[in-house]
Amino acid sequence: MENMINDLKNIDVLIVEDGQDIRDIMYSTLHKLFKSTRVAVDGIDGLEQFKENQPNIVLSDIRMPNMSGNDMVDEMKSINPNIPVIVITGHGRLMKKDIKADAVLEKPIKFNKLVEEIHKLI
């Protein structure tokens with residue numbers, strides 16, 4: 001696990017989550033691992049930050065106001081089809097085939113599983 005965590009130090013990550021508590025927990029847990037960690041409050045904000053900052057990986061909720069995670073991921077993948085996206089959902093099991101994400105994790109997020117998935121995708 002330590003080697004995986006060390007591999008993340010040069011990574012820019014974008015967290016897109018409309019729930020403030022979850023967003024705050026994710027940021028406070030993950031910002032120490034990455035070179036840069038940005039947060040967005042919904043799909044529109046996430047897409048804007050993606051275009052401006054070109055992160056190495058995106059962690060996103062799927063159900064959000066203003067623009068769904070599905071629509072946001074579709075737009076991101078049309079700009080950069082190689083951008084790794086992990087969808088994090090609390091709304092039942094989603095299958096990767098149903099969205100363009102590279103991985104799907106269920107809330108509550110298990111830190112070790114998240115680090116493993118990020119490491120696989122970068």
Side-chain angles (χ1 to χ4, degrees):
M1 176 63 74
E2 187 174 324
N3 287 338
M4 279 192 246
I5 291 173
N6 286 333
D7 291 343
L8 304 180
K9 292 184 190 234
N10 294 316
I11 301 298
D12 293 323
V13 66
L14 173 60
I15 299 168
V16 186
E17 169 62 59
D18 64 312
Q20 183 173 349
D21 291 343
I22 295 169
R23 189 173 58 243
D24 291 348
I25 290 168
M26 287 179 68
Y27 178 81
S28 67
T29 303
L30 298 176
H31 84 277
K32 298 171 194 157
L33 298 178
F34 300 103
K35 179 174 101 177
S36 170
T37 304
R38 291 182 178 80
V39 294
V41 298
D42 61 28
I44 292 173
D45 186 21
L47 186 57
E48 288 173 6
Q49 288 198 45
F50 173 78
K51 289 175 181 177
E52 289 175 20
N53 301 302
Q54 296 295 307
N56 301 106
I57 193 163
V58 176
L59 312 176
S60 180
D61 192 5
I62 199 71
R63 291 189 182 168
M64 297 181 287
N66 303 319
M67 174 185 268
S68 74
N70 273 336
D71 292 342
M72 182 194 71
V73 170
D74 285 347
E75 289 288 325
M76 289 176 176
K77 291 284 190 176
S78 72
I79 295 166
N80 178 358
N82 299 316
I83 184 69
V85 177
I86 298 175
V87 165
I88 300 168
T89 183
H91 299 284
R93 297 198 83 199
L94 290 174
M95 303 301 288
K96 284 194 299 187
K97 66 181 177 78
D98 297 330
I99 54 175
K100 291 184 179 175
D102 300 286
V104 177
L105 296 177
E106 289 187 47
K107 294 176 186 173
I109 304 163
K110 292 181 174 68
F111 178 77
N112 290 348
K113 181 68 174 164
L114 179 60
V115 170
E116 288 173 15
E117 287 297 327
I118 292 169
H119 193 262
K120 280 188 225 175
L121 295 173
I122 57 168

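Side chains are part of it too, since the values below use all heavy atoms of this structure and drop only hydrogens, waters and symmetry mates.
With rounding to the nearest 0.5 Å, the separation of OG1 in Thr29 from CD1 in Ile109 is 8.5 Å. Note that CG of Asp18 is 11.5 Å distant from CD1 of Ile62, once rounded to the nearest 0.5 Å. Here the CD1 atom belonging to Ile44 is positioned 10.5 Å from the CD atom belonging to Glu75, to the nearest 0.5 angstrom. For the atom pair CD1 of Ile15 and CG of Asp61, the computed distance is 12.0 Å after rounding to the nearest 0.5 Å. Note: Leu8 CG to Lys32 NZ = 14.5 Å, rounded to the nearest 0.5 Å. One distance of note links CG of Asp102 with CD1 of Ile118; it measures 12.0 Å at 0.5 Å rounding.
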For a side-chain contact (heavy atoms from CB on, under 4.5 Å) check, start with the C-alpha distance between Asp12 and Asn53, then their side-chain angles and the critical distance, and finish with the verdict. CA-CA 9 Å; Asp12 293 323; Asn53 301 302; over 6 Å; no
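Residues Ile122 and Phe34 share a single hydrophobic cluster, defined by chaining ILVMFWY side chains whose heavy atoms lie under 4.5 Å apart.
Comment: Lys120 engages Glu117 in a salt bridge, judged by a side-chain N to carboxylate O separation of less than 4.0 angstrom. Salt bridge status for Glu17 with Lys107: present, with a side-chain N to carboxylate O gap under 4.0 Å.
One side chain, Gln49 or Asp45, offers a donor N or O that lies under 3.5 Å from an acceptor on the other.
Across all their heavy atoms, Asn56 and Asn10 have their closest contact at OD1-O, 4.0 Å. Considering every non-hydrogen atom in both Met72 and Ser60, the closest pair reads CE-OG, 3.1 Å. Of all the heavy atoms in Val58 and Met76, the pair that sits closest is CG2-SD, 4.0 Å. Contact between Leu121 and Pro84 at its shortest, heavy atoms only, is O-CG, 3.6 Å. Of all the heavy atoms in Phe50 and Leu14, the pair that sits closest is N-CD2, 3.9 Å.
Partner Val13 forms a side chain to side chain contact (heavy atoms under 4.5 Å, CB included) with one of Leu30, Ile57, Val39 and no other, that one being Ile57.
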